[in-house]
Amino acid sequence: MNPGRYVGRFAPSPTGLLHLGSLLTAVASFISARQHGGKWLVRMEDIDPPREAPGGASAILRALERYELHWDGPVIYQSTRVQTYRAAAERLLTEHRAYRCDCTRSKLRELSKGSPVPDRYPGICREKNLGAEQTAIRLRAPLEPIGFEDTVQGSCLCSIDAVTGDYIVFRRDGLPSYHLAVVIDDAWQGITDVVRGADLLDSTTLHIHLQHTLDLPTPRYSHLPVLVNAQGQKLSKQTGAAPVALEHVEEVAFDVLRYLDLEPPLDLHGAQPGELWSWAAQRWDISRLAGRQKVAEIHRNVAADSAID
Ligand code: GLU
């Protein structure tokens, strides 16, 4: 990796509108890129149509624009790249690093009853040599644990074999796994720095394994502590997080910086988001968030009040 070059990205899945938690991730990756004089790319991870919200992708882009989070270059849509992901999965099969699997979710649920690691795939199809019909493609898990240094979370070490087992890179329904697509595109787009929520920390071990297997570079990782609601749950569509307001954006932007441990001076109160981001980029030090489980607890659904109109 060229030490002087910084390419960051924001990679939302258009399963819903941008909520405060995802805005915080977008801002943290944006100001990190700007702080390093680097590029900030947006990639739409639209590879799971059954989970996507109609119009979700364009609504997310509109919200980013409204918050003056201006991306560099064209937005990449993963739905246009499925052939590339498929070719990579096929290559893994040819090299015998992956195999086809016809286990259904319900069969695996039944088999894992009482297991101390119910999510670990027990390798049922490893030696079956199944055909393409109605099968997923699973990558063989490495026996040795994978370790990496996260800028925010510190040293991480995890055994894929013990926790996940052989994992899916291409699904039975013909769609690529998030893990395969994200790793291929981070490399293809030359991403040097991934800044995202700590809820994806466990996936990173799979991503690093995939990068090693596909001969791709490993970017630097920074997993941000998450925003939680009053019940201590991560803000997400599932926990009922409201879409971010598209009005009074300067107030929401001011709050986002405070959640990121930046205290903008009062004379910046009322400044437009772009001005706040420029101020923040000059002071930002992502490692200051180290050791924190969460960045803030949102008691009032700040975004909801003005979003519903
Ligand atoms: N698309 C993923 C999500 O919205 C994030 C992917 C990533 O940042 O690696 O949760």
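Just so you know, ligand 1 is whichever comes first in the structure, and atom 1 is the first atom listed for that ligand. As the structure is a prediction and not an experimental result, all values here were calculated from the model. Side-chain atoms are counted along with the backbone in the values below, which use heavy atoms only and exclude waters and symmetry mates.
- Judged purely by atom type and a 3.5 angstrom limit, D186 has no side-chain atom pairing as donor or acceptor with the backbone of I191.
- Ionic pairing of D72 and R34 is present here: one or more N-O contacts between side-chain nitrogen and carboxylate oxygen are shorter than 4.0 angstrom.
- Minimum heavy-atom separation, H209 to R140: CE1-O, 3.3 Å.
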Short N or O separations between ligand 1 and the protein, below 3.5 Å:
from	atom 1	to	atom 2	distance (Å)
ligand 1	1 (N)	A11	O	2.7
ligand 1	1 (N)	S13	OG	2.8
ligand 1	1 (N)	E45	OE1	2.6
ligand 1	4 (O)	S13	N	3.2
ligand 1	4 (O)	S13	OG	3.2
ligand 1	8 (O)	R9	NH1	2.7
ligand 1	9 (O)	R9	NH1	3.3
ligand 1	9 (O)	R9	NH2	2.9
ligand 1	9 (O)	Y178	OH	3.0
ligand 1	9 (O)	R196	NH1	2.7

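- Between Y121 and Y99, the ring planes are tilted. Angles from 30° to 60° get that label.
- For the pair R81 and W188, the cation-pi criterion (under 6.0 Å, within 45° of the ring axis) is fulfilled.
- Every residue meeting the side-chain hydrogen bond (donor to acceptor under 3.5 Å, both in side chains) condition with R196, not counting sequence neighbours, appears here in chain and number order: Y178, T204, H207, H223.
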